[in-house]
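Quick notes on the structure that follows.
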Amino acid sequence: MAGGLVALLDDIAALAKLAAASVDDIGAAAARASVKATGVVVDDTAVTPRYVQGLEPERELPIIKRIALGSLRNKLLFILPAALLLSQFVPWLLTPILMVGGCYLAYEGAEKLWEAVSGHHEEAEPVAVDGSGEDAVVAGAIRTDFILSAEIMVIALNEVETEPFISRAIILAVVAVLITVLVYGVVGLIVKMDDIGLSLAGRESSTAQKVGRGLVKGMPVLLRVLSTVGIAAMLWVGGHILLVGVDELGWHSLYALVHHLEEGVAGVAGVGGVLAWFVNTLASALIGLVVGAVIVAVLHVLPSRNKAAAAH
């Protein structure tokens, strides 16, 4: 039973297989899969608006457009061909690759949690107003997007690896386009939300003014909520990928334990399904947190302490 946001894995499986049955089904199935898959990249939705800090308002959407086009190019020209080749010749590699991506997601979530607890935040560099830093900003955003894009594509591919080659290619291409359009459409809306609010606040209608002021005041809250949800999403998605991965590789004890805990609460009248969902989600998040914390310690905490000890 998939937990929380990780239900998108099962949704992509069912929808992608449905899409493979007929070309007419591909659009609708891939669209629904893409909407669910944006949960994996919700953190990018929160972070990407920071890439346009310091720009004139008229440069914000062009920057977002460049990032979106770079993301789409990565998906279609690099990730899609590589994923198809894997599924065709070495399908057994899909699970280990998914698990590597799961470790990355867990690390990202744990690192941001560590930054929040320790107070060591990595501030985004504002782009020069003259646009001289735009290329670097776009390149950095596309690199950030690449890992999660690859993860989504491999998740989708992992569930349709037995379908004909052409069907797999069409499904992945449609999912890539829809995910990119939806995610960066939302990002563009978030980026321009304060401008929309200011415009409404300047109108004569008192209702429009109230809505406009509400949008302006609500933007920081929205970004904080997205950031928090993004951290949680990366921990439990990454954790669930690892949980399922170790089970598929032959180590069944951990997944069996989680499944046993789910069964223990599933029979509670009225709320059994919710409790089972919560147990699976919490277990996945804890696994993601533990794995992510170990990687953060190895890459950041221990080296920093060693340097401090050496300085003394």
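What you are looking at is a predicted structure, and each value in this text was computed from that prediction instead of being measured.
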Point to revise | His240 side chain to Ser284 backbone, donor-acceptor under 3.5 Å | key: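 A pair under 3.5 Å: no.
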So, taking the atom named [atom1] in [X] and the one named [atom2] in [Y], what distance separates them when rounded to the nearest 0.5 Å?
X	Y	atom1	atom2	value
Leu76	Met153	CG	CE	6.5 Å
Leu113	Glu108	CG	CD	12.5 Å
Leu243	Ile287	CG	CD1	4.5 Å
Trp92	Leu86	CH2	CG	9.5 Å
His252	Leu257	NE2	CG	14.5 Å
Thr281	Leu235	OG1	CG	12.5 Å

Applying side-chain contact (heavy atoms from CB on, under 4.5 Å), can you list everything that pairs with [X], at least two apart in sequence or on another chain?
X	answer
Leu189	Met193, Ile196
Gln209	Arg213
Val246	Met99, Trp251
Ser205	Thr207, Ala208

Can you name the nearest heavy-atom pair linking [X] to [Y], along with the distance?
X	Y	answer
Leu200	Gly212	CB-CA, 3.7 Å
Leu289	Ala110	O-CB, 4.5 Å
Glu248	Thr95	OE1-OG1, 2.9 Å
Ala106	Gly288	CB-O, 3.2 Å

Mind checking whether [X] and [Y] sit in one hydrophobic cluster, side chains of I, L, V, M, F, W, Y counted as touching below 4.5 Å?
X	Y	answer
Leu282	Leu261	no
Ile295	Leu242	yes
Leu275	Val258	no
Met234	Phe146	yes
Val279	Trp277	no

**Study point:** Pairs flagged by side-chain hydrogen bond (donor to acceptor under 3.5 Å, both in side chains) wherever residues 71-87 is involved - sequence neighbours left out
**Key:**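 Sorted result for residues 71-87: Ser71-Lys75, Ser71-Asp145, Lys75-Ser149, Lys75-Thr180, Ser87-Arg168.
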Using a side-chain heavy atom cutoff under 4.5 Å and only I, L, V, M, F, W and Y, what cluster partners does [X] have?
X	value
Val100	none
Val216	Leu198
Phe89	Leu85

Point to revise | Audit row: Asp247, Leu254, side-chain contact (heavy atoms from CB on, under 4.5 Å) steps and yes/no | key: CA-CA 8 Å; Asp247 183 68; Leu254 187 58; over 6 Å; no
Acceptor/donor pairs from residues 61-70 side chains to any protein atom, 3.5 angstrom cut, sequence neighbours excluded:
from: Arg66; atom 1: NH1; to: Asp135; atom 2: OD1; distance (Å): 3.3
from: Arg66; atom 1: NH2; to: Asp135; atom 2: OD1; distance (Å): 2.8

Point to revise | Any side-chain heavy-atom pair of Tyr107 and Leu299 under 4.5 Å | key: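 Yes, at least one pair of side-chain atoms sits under 4.5 Å.
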Review point. Do Val291 and Cys103 come within less than 4.5 Å of each other through their side chains, counting heavy atoms only?
Key: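 When only atoms from C-beta onward are counted, Cys103 and Val291 do touch, with a gap below 4.5 Å.
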